[in-house]
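Contents: one structure, followed by commentary.
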Protein chains: 2
Amino acid sequence: MASGKRDQLIDTALDLFCQNGFHATGIDKILEKAGVARMTLYNHFKSKDELILATLRRRDEKFRNWFMRSVERRAASPQERLLAVYDTLQDWFSDAAFSGCMFINASAEFGAPDDPIHLASAEHKVLVLKYLRELATAIGVRHPDELADELMLLMEGAIVMCYVAGDPGAASRARSAAEKLIRSHLKIEAPIAD
Amino acid sequence: MASGKRDQLIDTALDLFCQNGFHATGIDKILEKAGVARMTLYNHFKSKDELILATLRRRDEKFRNWFMRSVERRAASPQERLLAVYDTLQDWFSDAAFSGCMFINASAEFGAPDDPIHLASAEHKVLVLKYLRELATAIGVRHPDELADELMLLMEGAIVMCYVAGDPGAASRARSAAEKLIRSHLKIEAPIAD
DNA sequence: GACGATATAGACCGATCAGTCTATAAATTT
DNA sequence: AAATTTATAGACTGATCGGTCTATATCGTC
């Protein structure tokens, strides 16, 4: 293992950043909880921002992996999977450690659009959207990307309403709205390919 | 004017908190930009958190006022107004100083659900939702609260996708999704009152 | 056993943090 | 004009910030 300490640092930072935010989490807290020496951190990362970027990359990988697995375990057909997205959201929201979307939170703290941390957050959202596009394409609708965009809005809205407004029912409401939007798109027949 | 300095402090803090975040904005920066002495701040506010709460209250008041005025100026019928919500969002997003939703950002930095700052953010979202409920009720739909919840998800989703993912088209996509959801609700006739 | 890489503890840096205190000076009210 | 409130500049606190440096120690590899 070339970088066991590096992994420890990222995992610990992931916890702390999610719990307490980025600016509010000092390097010292991370070192203490990870049980790692100061210079070990700075041998692996040039700066705190680099550590933040590394945690975002790990979070993106873990989250999307978990998310897609959960959706695909729940349902087999593309249409059912698009709805399973919101059941999976429900699971996420129900987790005691749920602390909102790390990428929305990161964008809040690093607001400059060209900040690497903000850009990494944007990239995560693009990748999630891409997944919805795949599912939407698979159900053979006339405008799959449009449908995916709309379902994405419901997903992000649910995250916000659950986290900020403390509404635990946001996911199921998003689900029923998604049903209506999907139905609406299915009525517009796809043209016969020639 | 009993509190000209107090107002200056709140307005300045509002700018800086939106631009740079809460933790990243030091008291000294606010004092310098506001041109106000240190003790003047602490005579008006017990702590930085109290100042943050005051800025959130002002932001809530200014934003909702602007928002509702804009919606009502744009359209007269409740149904058109529900769609004008998303045109108003578009205006907001197009502002060069757009820096996301201050309340979403505040919740990101003050994540504890019982934190007064988080609670104030939740309250803002509830008040916006209430406004959507009024509009939804006025169009005589069978389940107005349900429709309002769904439109709220689209609104919050648009804010996130525009700010985090940098998608300037989020508002118009939300608008077309809203059309579909409203149409879907209008098909379920309201019962005749007796 | 020797070597090079990796990790260690902890001192140290200048800067900044939120918040307190004091003594003076404006501005309002009476 | 006198009295009271409000604001001022700036020193000061103790804590924390991100980051650097050094000297020692542990580790895997040859």
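So you know, we letter chains A, B, ... as the sequences are listed, proteins then strands, and number each from 1. No experiment lies behind these values; they were computed from the predicted model shown.
- Salt bridge annotation for B:Lys125-B:Asp60: absent, with no cationic side-chain nitrogen under 4.0 angstrom from a carboxylate oxygen.
- Rounded to an integer number of Å, the gap from CG of A:Asn43 to P of D:dT20 is 11 Å.
- Classification of B:Asp7 and B:Arg58 as a salt-bridged pair holds, one side-chain N sitting under 4.0 Å from a carboxylate O.
- Nucleotides of DNA chain D nearest to A:Lys29 and B:Thr40 differ in position, and the one nearer the 5' end is that of B:Thr40.
- Atom pair B:Asp7:CG and D:dA7:P shows a separation of 11 Å (rounding to whole Å applied).
- A:Glu146 has no carboxylate O lying under 4.0 Å from a charged side-chain N of A:Arg133, or vice versa, which leaves the two without a salt bridge.
- Per the geometry, CD1 belonging to B:Ile27 stands 19 Å off P belonging to D:dG10, to the nearest Å.
- Residue B:Phe22 contributes atom CZ, which lies 16 Å from atom P of C:dC17 at whole-angstrom precision.
- The base of C:dG10 does not come close enough to the side chain of A:Arg38 for any donor and acceptor atom to sit less than 3.5 Å apart.
- Spacing between atom CG of B:Leu31 and atom P of D:dT8 amounts to 10 Å, rounded to whole angstrom units.
- The residue among A:Asp28 and A:Met39 whose nearest nucleotide of DNA chain D is located toward the 5' end is A:Asp28.
- Residues A:Glu80 and A:Ser77 have side chains that bring a donor and an acceptor to within less than 3.5 angstrom of each other.
- Regarding contacts with the backbone of D:dC17, every side-chain N or O of A:His23 stays at 4.0 angstrom or more from both OP1 and OP2.
- Following rounding to the nearest Å, A:Asn20 (CG) and D:dC17 (P) show an atom-to-atom distance of 11 Å.
- Distance B:Tyr42 OH to D:dA7 C1': 16 Å, rounded to the nearest Å.
- Separating the NZ atom of A:Lys5 from the C1' atom of D:dC27 is a distance of 11 Å, rounded to the nearest angstrom.
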